[in-house]
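Throughout, a chain's letter reflects where its sequence line sits, starting with A, and its residues are numbered from 1.
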Number of protein chains: 2
Amino acid sequence: MLNLHRLFLLHELHRLETMSAVAQTHSMSPSAVSQQLSHLERETNVTLFEQAGRRVVLTDAGARLARRAEDVLGLLESAEAELKDAQGDVGGVLRVASFQTPLIALAPVAISVLEQGHPDLRVELAQREVEGAYEGLLAHRFEVILGEDYPGGQQVVRRGTDREGLLRDPLLLVLPDSGPWSRARTVADLADAPWALDPERTRTGLWERTYLRAAGVEPWVRFDTPDPLLQVHLVRSGHAVAFVPGIIASEHLGGTRPLRLPGDPHRSMYTAARAGAAGHPSLLAFRAALLEAAGALSDLRGLDRLGE
Amino acid sequence: MLNLHRLFLLHELHRLETMSAVAQTHSMSPSAVSQQLSHLERETNVTLFEQAGRRVVLTDAGARLARRAEDVLGLLESAEAELKDAQGDVGGVLRVASFQTPLIALAPVAISVLEQGHPDLRVELAQREVEGAYEGLLAHRFEVILGEDYPGGQQVVRRGTDREGLLRDPLLLVLPDSGPWSRARTVADLADAPWALDPERTRTGLWERTYLRAAGVEPWVRFDTPDPLLQVHLVRSGHAVAFVPGIIASEHLGGTRPLRLPGDPHRSMYTAARAGAAGHPSLLAFRAALLEAAGALSDLRGLDRLGE
DNA sequence: GGTACCATGAAGTAGAACTGCATGGTCTCG
DNA sequence: CGAGACCATGCAGTTCTACTTCATGGTACC
């Protein structure tokens, strides 16, 4: 009977490409990974990988076995989830990764909900961008992650994960309450405004620039920051205009003028978990709490809209 | 991630009922089994079994987990089989259990066939009755077993095993070449004959008695032996009449008079393997060789038939 | 051509799993 | 009812496995 831990390492090698990466990801030495994998080769009596330059590359057989290992590991995890589910055991530690805005506006509400209903569940939250969150999810450092898709971005659904829609979040513009930019009627009016935008390499920053350019505006980026709360602060003090996700609109936009945008752009937020763990009761409870929190958000449909 | 070895032990506990049996089956001390299983309980934080008198009984959750463990182990084994299959690797050791007659007439031929085609495959044969063979199969002591069903007996297909028909083997009567019993025309003529029968508690012995009684004969069992070669020897020397499986008819019945029986009774022979291992190339090769050996047996349809 | 990177081996270490032994409870049979 | 067999389990000590550390050699990159 093949050793499951070694199969896991093979699967991780398949995913992460190098033994060093596997080692680093799982806090072990490269030597240990190497030893375990060559042990696996010896016990299967099959060449699973070969040296290729300074790295190592899986053979066909190795890649095939790695995929099957994933199946086995998934089934094992679902067995574990089923066990917990059968006795309705919402408890233990649930490790979550999320990008920032849900941590501001959604997670605190969800946590409160969970503390009421499931006092034995300890939720741990880590702020990660979507890519890093997925990485941590697959490496078993998180049980659930929150992700987002912007219009025009391609949706990446990863093998072995279970994705569930959470919220369609409108993207808003915030103008200062007063001052020259408070009187803008169209996006084009803001062509010369000082913008507070997210860094260009981020999903948000990319979308913001794409949207503005589509409207014929090449923004003057006075503030380059990924922090939406800081952006709002800069708007409030009259130093910038900015985009803001609807999710933080209800609580944090005092002293500003939020507006809906032409074309009604939205981002889609979702949760993702490893497929095997999808039945885990703690996970189900967390997702339910998140949906409840999302449902409690204020309705933004009455907001003024910027012209074309 | 749950420890697979501990899950295996849980599954074995489910199957074998007591920890002692699990320990004995896998050559470890009862203490080790107990420690590993309570370790499993602690890491799942679920009560998997409870003391019940001097033994232990699985809870619902424990039984459920044990079944899921079986799924995981099956999938793991099939991954292993697929790996070997992908590189057509007929080799290593194949452990086989069989009841006696195939060992006489089928296995040697099959082994010769395999030695030709697959010199790297080492087949190890153990003589076991069907029940013991199944037990060893599930305990991973054998990869394949041979079994038989007699008319009227119920077919037991066990969970997690893959069964494949091998041969319909006619059941024959052997009479001495000469002497008073050589002239019998019907089964009833043998009412007072000295029989060499298999022990009553065996499948064969049970069928033999059932068949004779259905024909109105209460046999006088002079020799009670499970060895068909000995039975034939006793017939040849004129001391008994006996049943004999068709499978050994071609080679070992010299000096006797084999006859087909009224109603043309047959036993069905089959091979069985763990479902997960069904794709293993060594297993496929062995089954193919067995079928080839079965096909090479002499045709008995021309044999004389005893009257009703 | 120096430097960073990667896989791998040998030697020693830490931890997991096992054995042996002892204990206590339970069933069975005389 | 009592002796003996049977079973699970805990503790102490041993064995074995997986790991770390360190060193080596090969490879890619600037």
Side-chain angles (χ1 to χ4, degrees), chain A residues 1-59 61-63 65-66 69 73 76 139-140, chain B residues 1-59 61-63 65-66 69 73 76 135 139-141:
Chain A
M1 203 170 55
L2 293 179
N3 180 306
L4 197 59
H5 183 228
R6 296 202 259 262
L7 280 178
F8 174 68
L9 291 178
L10 182 71
H11 167 238
E12 286 296 83
L13 178 63
H14 187 223
R15 190 169 71 84
L16 298 169
E17 308 260 311
T18 77
M19 293 198 183
S20 291
V22 175
Q24 199 171 358
T25 302
H26 294 98
S27 310
M28 53 198 288
S29 67
S31 180
V33 176
S34 172
Q35 287 174 46
Q36 289 304 303
L37 286 176
S38 51
H39 202 316
L40 181 62
E41 267 197 318
R42 262 179 288 124
E43 70 183 355
T44 57
N45 205 28
V46 174
T47 303
L48 299 173
F49 51 90
E50 284 164 341
Q51 302 250 168
R54 64 181 168 184
R55 46 179 47 200
V56 91
V57 62
L58 289 183
T59 61
L65 185 59
L73 291 162
L76 179 61
H140 292 240
Chain B
M1 202 169 56
L2 293 179
N3 180 304
L4 196 59
H5 183 229
R6 296 202 258 263
L7 279 178
F8 174 67
L9 291 177
L10 182 70
H11 168 238
E12 286 296 84
L13 178 62
H14 187 223
R15 190 170 69 85
L16 298 169
E17 309 260 309
T18 77
M19 294 198 182
S20 292
V22 175
Q24 198 172 358
T25 301
H26 295 97
S27 309
M28 52 197 288
S29 66
S31 180
V33 176
S34 172
Q35 288 175 45
Q36 290 303 303
L37 286 176
S38 49
H39 202 318
L40 181 64
E41 268 197 317
R42 261 179 289 124
E43 70 183 355
T44 57
N45 204 27
V46 174
T47 304
L48 299 172
F49 51 90
E50 285 165 339
Q51 302 249 169
R54 63 181 169 186
R55 46 178 47 198
V56 91
V57 62
L58 289 183
T59 61
L65 185 59
L73 292 162
L76 178 62
E135 172 57 31
H140 292 239
R141 281 192 301 270

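Rounded to whole Å, atom P of dA17(C) lies 17 Å from atom NE2 of His26(B). Gln36(A) has its CD atom 15 Å from the C1' atom of dA7(C), to the nearest Å.
Only Phe49(A), listed by number, bring a heavy atom of residues 40-50 of chain A to less than 4.0 angstrom from any atom of DNA chain C. Less than 4.0 Å separates DNA chain D from at least one heavy atom of each of the following residues of residues 4-17 of chain A: His5(A), Arg6(A).
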> What's the verdict on side chain to side chain contact (heavy atoms under 4.5 Å, CB included) for Asn3(B) and Leu40(B), showing C-alpha distance, side-chain angles and the deciding distance?
Replying inline: CA-CA 8 Å; Asn3(B) 180 304; Leu40(B) 181 64; 5.8 Å; no
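With Met19(A) as reference, Ser34(A) is the one residue of Ser34(A), Ser29(A), Pro30(A) to meet the side chain to side chain contact (heavy atoms under 4.5 Å, CB included) rule.
Residues that satisfy the side chain to side chain donor-acceptor pair (under 3.5 Å) test with Arg15(A), not counting sequence neighbours, are Glu12(A), Glu135(A). For Ser31(A), the side chain to side chain donor-acceptor pair (under 3.5 Å) partners are Gln35(A), not counting sequence neighbours. Applying the side chain to side chain donor-acceptor pair (under 3.5 Å) test to Glu43(B) and every residue at least two apart in sequence or in another chain returns Arg6(B). Considering only residues two or more places apart in sequence or on other chains, Arg55(B) meets the side-chain contact (heavy atoms from CB on, under 4.5 Å) condition with Glu17(B), Thr18(B). Every residue two or more places apart in sequence or in another chain was checked for a salt bridge (Lys or Arg N to Asp or Glu O under 4.0 Å) with Arg141(B), and none qualifies.
The nearest pair of heavy atoms linking Leu16(A) to Val22(A) is CD1-CA, 3.9 Å. When all heavy atoms of Leu10(B) and Gly62(B) are compared, the closest pair comes out as CD2-O, 3.7 Å. Of all non-hydrogen atoms in Val57(B) and Ala52(B), the two that sit nearest each other are CG1-CB, 3.7 Å.
For the ring pair (Phe, Tyr, Trp, His ring centres under 6.0 Å) condition, the pairs that include at least one residue of residues 2-36 of chain B, sequence neighbours left out, are Phe8(B)-His26(B), Phe8(B)-His140(B). Each ring pair (Phe, Tyr, Trp, His ring centres under 6.0 Å) pair with one or both residues in residues 27-54 of chain B, not counting sequence neighbours, would appear here, but there are none.
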Could you pull out the protein-nucleic contacts involving nucleotides 20-28 of chain C (nitrogen or oxygen on both sides, under 3.5 Å)?
| unit_1 | atom_1 | unit_2 | atom_2 | d |
| --- | --- | --- | --- | --- |
| dG20(C) | O6 | Ser31(B) | OG | 2.9 |

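Mapping Pro30(B) and His39(A) onto DNA chain D via the closest heavy atom, the residue that lands nearer the 5' end is Pro30(B).
Over its length, the helix from dG1(C)-dC30(D) to dG30(C)-dC1(D) turns its helix axis by 30°, as judged from the five terminal pairs at each end, rounded to 10°.
Using a 4.5 Å heavy-atom cutoff, the side chains of Leu48(B) and Leu37(B) are not in contact. Annotation: side chain of Leu58(B) is in contact with side chain of Leu13(B) (closest heavy-atom distance under 4.5 Å). Contact of the Leu7(A) side chain with the Leu65(A) side chain is registered, since non-hydrogen atoms from C-beta on lie closer than 4.5 Å.
Between chain A and DNA chain D, the heavy-atom contact criterion of under 4.0 Å yields a 5' to 3' nucleotide range of dA18(D) to dA28(D).
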